[in-house]
Q: 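I have a structure here, written as structure tokens, and I will follow up with some questions on it.
Letters A, B, ... are given to chains in the order of the sequence lines, protein chains preceding strands, and every chain is numbered from 1.
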2 protein chains.
Amino acid sequence: MPKAFSSEVATGSREENASKKGSKLDLFRFVPFRLNRLAAEVSSALSVEYQERYGLDIPEWRVLATLGFRVEPCSAQYIAHCTRTHKSTISRAVTALMKRQMVERVENADDRREFALRMTRKGKALYEELIPRLLRREQEILSCLSAQERKDFANLLGKIENSLELVQTAKDAGATDAY
Amino acid sequence: MPKAFSSEVATGSREENASKKGSKLDLFRFVPFRLNRLAAEVSSALSVEYQERYGLDIPEWRVLATLGFRVEPCSAQYIAHCTRTHKSTISRAVTALMKRQMVERVENADDRREFALRMTRKGKALYEELIPRLLRREQEILSCLSAQERKDFANLLGKIENSLELVQTAKDAGATDAY
DNA sequence: TTTAGATAGTTGCAAGTGAGACTATCATAG
DNA sequence: CTATGATAGTCTCACTTGCAACTATCTAAA
């Protein structure tokens, strides 16, 4: 290995935290960066399941997850809103899932602009097969935490989500296009 | 508003959690989804600062953040590794930053494949101006948590990061291309 | 009824990004 | 010295996705 500057990583050069003028920022202690990195890593860990195994991408998986959890069928817009995914992304995901006959849609007589989406038998089968795998993965990822710590983590996430108004309420539902 | 199925969101239809066959998955309790959503939201909140105000995108900001925190100059590869960003992305960010004269690079006599990157005076000025804004934003986002809760949250994040080996050690540094 | 504005969903376009090929350079073994 | 393999950085390609325009439909008000 060449005697270069790339040898010491992350741990190196951390002493001089407060510089002469202005404050420095340690990327590794910066929560936004950490969240991004962690989310990317967790996603990639899960994608092994739904992507490689079942050929689903994230938006498609979100559509199935929403349809699978709800009892009533729902619209694409609904899925877009409550998963906070852009409606065009959801639209493409639904199209793909319909092509694969995982999802079907029926016209809504009351409002012919929107469609009721629901999983087909085939889609339900895939869903039933996929869910336990994903839950297992989630548990694996969280296995480094104790039961209490997992609870705490979920609570803390919830507080931040609430403060950022990430959690949809019934009132917000069909509110606006630009959520 | 049309009397459609899109009225009740997130709170609705949550009763039937355990279905007849197989378990359901509540997307809103599923940590991977929550992390993704939260990270996206936090990123977008911060992008107001570095993007709209200073015309930086995330990779460019990561380059500056890494260069600004370290005392020694470092290589593009180093930044790619410890920020877990693809080397081609970092390469493009460095190119853009050099065009704007925020960053300069000097050849490394010991290894002429790599370059030492460091911020210019102009880059440092931008960095000094940006950091306090970002730290303020981070505090705003975390302001819904008490001091103790912030600590706990950081600790829990750390545990998960460690278990996923997200935190680079000196040993991993120049290890492989496919991190 | 007519008109203006809002909404559901689709699509074209452009920007960003990862994968992987490619060049140049370095290290090591023979 | 030479050959092989690894590494730093760049570049092309393909894919994804957000944005915004567009169509069709609905609501509400004049």
Q: Are the side chains of B/R118 and B/V103 in contact, using a 4.5 Å heavy-atom criterion?
A: no
Q: Would you tell me whether B/E129 and B/Y54 have side-chain atoms, one donor and one acceptor, within less than 3.5 Å of each other?
A: yes
Q: From the list C/dG9, D/dG9, C/dC26, which nucleotide is the closest neighbour of the side chain of B/S75?
A: D/dG9
Q: Please report, rounded to the nearest Å, how far the P atom of D/dA8 is from the CD1 atom of B/I79.
A: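 Whole-Å distance recorded here is 13 Å.
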Q: Check if the side chain of B/R112 and the base of C/dT25 share a donor-acceptor pair of N or O atoms closer than 3.5 Å.
A: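 No, no donor-acceptor pair under 3.5 Å.
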Q: What is the distance, to the nearest angstrom, from the CG atom on A/N108 to the P atom on D/dA24?
A: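 Answer to the nearest Å: 19 Å.
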Q: Take atom NE2 of B/H81 and atom C1' of C/dG18, then tell me their distance rounded to the nearest Å.
A: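 Taking atom C1' of C/dG18 as the reference, NE2 of B/H81 is at 15 Å.
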Q: Assess, by modelled atom type and distance only, whether the side chains of A/T85 and A/R62 contain a donor and an acceptor separated by less than 3.5 Å.
A: yes
Q: Starting at atom CD of A/E107, determine the distance to atom C1' of D/dC26, rounded to an integer number of angstrom.
A: 14 Å
Q: Take the protein atom CZ of A/F115 and the nucleotide atom C1' of D/dT25, then report the distance between them rounded to whole Å.
A: 11 Å
Q: Starting from P on C/dT11, measure out to CD1 on A/I90 and report it in whole angstrom.
A: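 About 16 Å, once rounded to whole Å.
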Q: Using only atom types and a distance under 3.5 Å, with no angle test, would you say the side chain of B/E60 pairs donor to acceptor with the backbone of B/D57?
A: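 Yes, B/E60 side chain to B/D57 backbone: donor-acceptor pair under 3.5 Å.
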Q: Produce the list of close N/O pairs, under 3.5 Å, pairing protein atoms with atoms of nucleotides 11-16 of chain D; give distances to one decimal.
A:
{"residue": "D/dT12", "atom": "O4", "partner": "B/R92", "partner atom": "NH1", "Å": "3.4"}

Q: Would you say B/R105 reaches D/dA8's phosphate, i.e. side-chain N/O to OP1/OP2 under 4.0 Å?
A: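 Looking at the OP1 and OP2 atoms of D/dA8, neither is under 4.0 Å from any side-chain N or O of B/R105.
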Q: Rounded to whole angstroms, how far apart are CG on A/D110 and C1' on C/dT7?
A: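 Spelled out: CG on A/D110 to C1' on C/dT7 is 15 Å.
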Q: Taking the six-membered ring of A/Y78 as reference, does the cationic atom of A/R70 (NZ for Lys, CZ for Arg) lie under 6.0 Å from its centre and within 45° of its axis?
A: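 Yes, A/R70 sits over the ring of A/Y78.
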Q: Judged by atom type as modelled, is there a donor-acceptor pair below 3.5 Å linking the side chain of B/R34 to the main-chain atoms of A/A154?
A: yes
Q: Starting at atom CD of A/Q77, determine the distance to atom P of D/dT25, rounded to an integer number of angstrom.
A: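 Result: 17 Å.
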Q: So B/F33 and B/F28, would you call those rings parallel, tilted or perpendicular, with 30° and 60° as cut-offs?
A: perpendicular
